[in-house]
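Numbers here simply count residues along the sequence, with the first being 1. For ligands, and for the atoms within them, numbers begin at 1 and follow the listed sequence.
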Amino acid sequence: DKGNHRHFMLKEIYEQPVVVAQTLRSYIRPLEEQVALPDMDFDLSSIERVVIIACGTASYVGMIGKYWIEQFARLPVEVDVASEYRYRDPVLLPNTLGVVVSQSGETADTLAALRHMKEAGVTTAGIINVPTSSMAREVDLLMPTHAGPEIGVASTKAFTCQLAVMAALAVNLARVKGKLDEVQEREIVHHLVEVPAAINEALAYDDAIADMADTIADARDVLYLGRGTDFPLALEGALKLKEISYIHAEGYASGEMKHGPIALIDDNVPLIVIAPSGPLFDKTVSNMQEAQARGAKVVLISDADGLAQAGEDAVATIEMPKVHPLIAPIVYAVPVQLLAYHVAVAKGTDVDQPRNLAKSVTVE
Ligand code: F6R
């Protein structure tokens, strides 16, 4: 049932404040203001490295997880797409935690990669939405997302719930590795608890995003830029746009622009820049300005401070609430999803059932 919404995708985008809160609730002890994972029968503090495997949108959760786990737990993290991981000859060292991320829990390549890790004797964990799925049954530690059934083929609420669980995993690893004291953890928990409200604020820009969709709907190519945890979000924005609107889109790390993609820039190529204000902002803005100098039409997604500083020459801006850098990728996922959605609606494509795509990819 789509409720009042025109598509399942839009309904699921709007469910995010509730389902992300639901997911966070099962990973946060409110009284202690601590993060908590489900019980496990292995010693998390013995983990010395993490390998994260997934496909598509879920693999971008893995990339963001890499930034978080490295930053907080100071553990080395490797991320790969399952279809590459399983066919190369990966080096699996002792004391590795192998993490799979999957909405369906049935994606054939991710399941095969999980079995490969298990056979190699690696302890495994899964961030999974379907609790009865093969992956949910086979991982040593199941970390469920509580997104509820996701009907739209393009993943939205599963993505933000997966990020919430990934953040909890990063914080928990940091604690058991002695990299986070009580005060620091409490502070992070406060930021996580703010996520649902911040997503609500982000949703308030729905109409404004719908109004700018026409400027992108006619484009043949669109580029997305981001730095740090906003780089995987740029990849996610491009994937979402191409799968539901059929517009060719690519996401790049901001600093990579000048190493090739800037050759594509002219006034027909909209550039979506995802850049919350903060330590990485100025660098991304200078990449953006290089593109603007070559005629790029920029849509800047930032907070009030960022837009005040760099929004002047953008053809459109999307204002996000000012949030802590840790939670920014969860909140900024919302405008990225809405932009893809409204461009697809403007183009009249089948948003919930895009051509050639299946919700669960059980073939290799
Ligand atoms: C994109 C999308 C896909 C899935 C991918 C993995 O919107 O939904 O890229 O993320 O097929 O699927 P799961 O998470 O079920 O393993």
Contacts table for residues 248-255: side-chain donor-acceptor under 3.5 angstrom, sequence neighbours left out:
from	atom 1	to	atom 2	distance (Å)
His248	ND1	Asp221	OD1	2.7
His248	NE2	Glu250	OE2	2.7
Ser254	OG	Gly226	N	3.4
Ser254	OG	Gly226	O	3.2
Ser254	OG	Thr284	OG1	3.4

Determine all donor-acceptor pairs shorter than 3.5 Å in which one atom belongs to a side chain in residues 314-327; sequence neighbours excluded.
from	atom 1	to	atom 2	distance (Å)
Lys322	NZ	Ser277	OG	2.7
His324	ND1	Leu326	N	3.0

Lys66: salt bridge (Lys or Arg N to Asp or Glu O under 4.0 Å) partners, not counting sequence neighbours: Glu70

CG (Asn4) with more than 12 external heavy atoms under 6.0 Å: no

Within 6.0 angstrom of Glu48 CD, more than 12 heavy atoms from elsewhere: yes

Among Glu12, Glu15, Gln16, the one residue meeting side chain to side chain donor-acceptor pair (under 3.5 Å) with Lys157: Glu15

Per-ligand residue contacts, ligand 1, heavy-atom threshold under 4.0 Å: Cys55, Gly56, Thr57, Ala58, Ser102, Gln103, Ser104, Thr107, Val153, Ala154, Ser155, Leu239, Lys240, Glu243

